[in-house]
Each structure stands twice: as structure tokens, then as C-alpha cells.
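Below you'll find the structure, written out as C-alpha cells, and then a few comments.
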Amino acid sequence: MKVTVVSRSGREVVKGGLELNETATVADLQHAIHKRIKKLYPSRQRLTLPLPPGTKGRPVVLHHQKSLIHYCDGNLDNLTIVFKDLGPQVSYRTLFFFEYLGPLILYPLFYYFPVYRYFGYNGERAIHPVQTYTLYYWCFHYFKRIMETFFVHRFSHSTSPLSNVFRNCAYYWTFGSYIAYYVNHPLYTPVSNLQARIGFGFGVICQLSNFYCHILLRNLRSPAGNGGYQIPSGFLFNLVTCANYTTEIYQWLGFNVATQTVAGYIFLVVATSIMTNWALAKHRRLKKLFDGREGRPKYPRRWVILPPFL
Ligand SMILES: NC(=O)c1ccc[n+]([C@@H]2O[C@H](COP(=O)([O-])OP(=O)(O)OC[C@H]3O[C@@H](n4cnc5c(N)ncnc54)[C@H](OP(=O)(O)O)[C@@H]3O)[C@@H](O)[C@H]2O)c1
């Protein structure tokens, strides 16, 4: 079978096309492209079917496990594929590791080292107990996230564009330093003991619940699975589609009740709006996948992220 690989503008990407046998899969095609053009390793390649002339909409994306014949539409001699270079990729684990490593390292610098001298505060710095508990709480949170990245999550996409590393690190590292600066500041005024206990107590319960939600999500996929989506159920998932985001948001609320800084509340608002957008998209996807037609289960009625509001 001859496979012609063209760009979206119609230019031939692999000169002269590729000759593959009829049992070849999309993954074989990706490897054949990589063999001819060294920089285009498989995860950089997005392969789609050409849209019929004059039509608009989303093209069919080729799945790497499927055989090429599946996309031939009767013509087994010649197949034209549209190629898009997704740019340099990194694994999701690398992306998450670097974005969480920043806050885990930067926060303790503000607690342990005399950084405030560089901001013009030369006097002695008295450390309040709440600042110490905040350090433990913060480090536990980001350590947990790194551990979950490597040992809990089963990602559907193996890679992400390299540019996301810079974008996500800028978000987490900047907010981490911003909050650390104010919570550890020599002029920081702690909240009452009772308020700190309520905030941290609630926050720890939410962090543990968030961990349990991630275990439930992990169990929706088998280790060698193809990354498909299932209806999450059990614990808070019986009520909320994105219970992992709900518990994440509430644990930051607990953190802010205990520490009470403007920086922390700004982060809470930004993180909530990001997770709400993602939750709406995930809820829509699950409702579409599980529409109750042709034997498919129907997605149950649930809150999206923040009951009783959404
Ligand atoms: N503070 C913040 O700004 C912020 C923002 C975002 C996330 N977070 C935290 O980071 C955690 C991970 O974030 P995330 O966005 O990667 O979480 P996520 O996508 O909701 O889920 C975590 C893992 O479970 C999988 N999964 C989700 N729904 C599934 C379903 N219905 N069936 C099968 N597998 C499913 C996901 O697969 P896919 O690989 O297919 O997605 C992913 O591998 C969050 O839960 C939250 O605690 C914090």
C-alpha cells in the first residue's frame, strides 16, 4: 500500500510517499515517517484523514493502534494522510514533576533562609507556629502530587508540548513564591489558634479525600489500557463529576482559612477558575460518551465541580 503524507497546505512531507504492507498499523506508519525524517518521532506526529473538498469541521484523527486499512475506505492501493508536526514533546510525568518541584523547593527557601534581608528587613524574624505548620502542609501537598504523578495517575496522553513546561512552571513557581513571601514575612500576623486548627484540619481531610479520588480514577483504567474514559463512581464521585477538583479547591480554602493572605486567596480564585473550565469540559465529554444510546450507559445526573452551585 502506498501512503502519501501531506501537510495541511497539501505539500508532500515525505518525498515520494511510503510503501507499507497491508497489515501495517498507524504506529508502523509513524515509525516509517520517523525513519525518513529523524526529528519527527511518533509523539510529535498528528495524523488525520483529509477533509473532503468544500467541507468544514474536525478531521478524523488516526489512532496509533488501528490498522491503516481501517482508514482506507475501499481503496487499498493508495492512502493520503495529513500530517501535523506537534513540536517537541515531553512526557506528562516530566511536565508535572517540574511544575510541582518549583513550589516544593521555593517555599522552604522563604521559611529557612534570611531572604527578607534582600527586601530591606534587617531585624530578627520570629517564626510563628502557624508558619511552621504551613510549611509542613505545603510540602506535604506538593510531595503528594509528585508521588501521585509517578505512582497513581494513568494518563491517556503520553506526551505534552515542551512549551507547556514553561507555561505551567511559570504559573506554579510564581504563585508558590508569591504566597511563600507573604506567609513567611517578618510582619506576618497569624490568625487565632482556633482558626488555624479549623483551616488545617479541614484542609488535611480534603487532601486525603483528594488522594482517595485519584485512586478511584486510577482504578478506572487497567495498567495496559488504551486510555479510554469510564463513568467515575464511588465516594464523592457519586455526587460530583470532578470530585478530585472539588477536594483540591476545598483544601486550598482550608489552607487560606489557616494562613489568611491576599496572595493565597488570589491563587484560590485563579485555580478554581482553571479547574472549573476543565471540569465543564470533562463533564460534557462524559455526557457525550455515555449518552444512553445504542447500548451505551447514560451518564447519571451529577454536580460538575462545586455543589450546590455548579
Ligand atoms: N491547583 C491547581 O491549579 C490545579 C489545577 C489542576 C489540577 N490540580 C490537581 O492535580 C490533580 C491532577 O490534575 P488533572 O487535571 O491531571 O486531573 P484529571 O485529568 O481529572 O485526572 C487525573 C487522572 O485520572 C484520569 N481520569 C480522569 N477522568 C477519568 C475517567 N472518567 N476515566 C478514566 N480516567 C480518568 C486522567 O486521565 P487523562 O490523562 O486522560 O486526563 C488523569 O490521568 C487534580 O486532581 C488536582 O488535585 C491542581
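Atoms within each ligand, like the ligands themselves, are counted from 1 in listed order. This one's a predicted model, so the numbers in the text were calculated from it and none came from an experiment.
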Report yes or no: does a heavy atom of Tyr171 sit under 4.0 Å from some atom of ligand 1?
-> yes
Is there any side-chain hydrogen bond (donor to acceptor under 3.5 Å, both in side chains) pair reaching into residues 170-181, and which pairs are they, with sequence neighbours excluded?
-> Arg145-Tyr172
Closest to atom 40 (O) of ligand 1 by heavy-atom distance, out of Tyr172, Tyr92, Phe155, Tyr229, is Tyr229
Please report which non-hydrogen protein atom sits nearest to atom 28 (N) of ligand 1, along with the residue it belongs to and the distance in Å to one decimal place.
-> Leu217 CD2, 3.7 Å
Going by the atom numbers of ligand 1, which of them fall below 4.0 Å from some non-hydrogen atom of Trp252?
-> 1 (N)
Just going by heavy-atom distances, which of Glu248, His214, Arg221 is nearest to atom 36 (C) of ligand 1?
-> Arg221
Distance from atom 12 (C) of ligand 1 to nearest protein heavy atom, with residue and atom = His153 NE2, 4.0 Å
Which atoms of ligand 1 sit under 4.0 Å from any heavy atom of Ala271?
-> 1 (N), 2 (C), 3 (O)
Out of Phe267, Phe211, Phe237, Tyr245, indicate the one that has the non-hydrogen atom closest to atom 15 (O) of ligand 1.
-> Tyr245
List every atom of ligand 1 that sits less than 4.0 Å from any heavy atom of Asn244, numbering the atoms from 1 in the order shown and giving each element.
-> 17 (O), 18 (P), 20 (O), 21 (O), 44 (C), 45 (O)
Tell me which protein heavy atom sits closest to atom 6 (C) of ligand 1, plus the residue, atom name and distance to 0.1 Å.
-> Trp278 CZ3, 3.2 Å
Closest non-hydrogen atom pair between Tyr137 and Gly203, with its separation = OH-CA, 3.2 Å
Check whether any side-chain N or O of Tyr71 sits under 3.5 Å from a backbone N or O of His63 as a donor-acceptor pair, and report yes or no.
-> yes
If hydrogens are left out, which of Gln251, Lys144, Gln230 has an atom nearest to atom 31 (N) of ligand 1, that is, the closest non-hydrogen atom?
-> Gln230
Aromatic ring pairing Trp252/Tyr142, orientation class (parallel under 30°, perpendicular over 60°, tilted between) | tilted
Give a yes or no on whether the ring-centroid distance for His141 and Phe255 is below 6.0 angstrom.
-> no
Would you mind listing which atoms of ligand 1 come within a distance below 4.0 Å of any non-hydrogen atom of Gly228?
-> 33 (C)
Proximal ligand 1 atoms for Asn210, defined as those under 4.0 Å from one of its heavy atoms | 47 (O)
Cation-pi between Arg221 and Tyr229: NZ/CZ under 6.0 Å from ring centre and within 45° of the ring axis?
-> yes
Say whether Ser156, considering both its backbone and side-chain N or O atoms, lies within less than 3.5 Å of an N or O atom on ligand 1.
-> yes
Check ion pair Asp291-Lys298 (N to O, under 4.0 angstrom) | no
Do Phe110 and His185 have ring centres separated by under 6.0 Å?
-> no
May I ask whether Arg145 places a heavy atom under 4.0 Å from ligand 1?
-> yes
Can you list the ligand 1 atoms lying under 4.0 Å from a non-hydrogen atom of Lys282?
-> 18 (P), 19 (O), 20 (O)
Which residues pass the salt bridge (charged side-chain N to carboxylate O under 4.0 Å, His left out) test with Arg44, sequence neighbours left out?
-> Asp85
Check: Gln131 side chain, His128 main-chain N or O, donor-acceptor pair, under 3.5 Å | yes
Would you check if the side chain of Asn238 reaches a backbone N or O of Gly234 as a donor-acceptor pair within less than 3.5 Å?
-> yes
The atoms of ligand 1 lying under 4.0 Å from a heavy atom of Phe96, numbered in the order shown, are 16 (O)
Could you check which of Arg285, Glu99, Met275 puts a non-hydrogen atom nearest to atom 5 (C) of ligand 1?
-> Met275
Touching ligand 1 at all, Tyr100? Heavy atoms, strictly under 4.0 Å?
-> yes
Kindly say whether Val240 contributes a backbone atom to a donor-acceptor pair with the side chain of Arg302 at under 3.5 angstrom?
-> no
Tell me which protein heavy atom sits closest to atom 43 (O) of ligand 1, plus the residue, atom name and distance to 0.1 Å.
-> Arg154 O, 3.2 Å
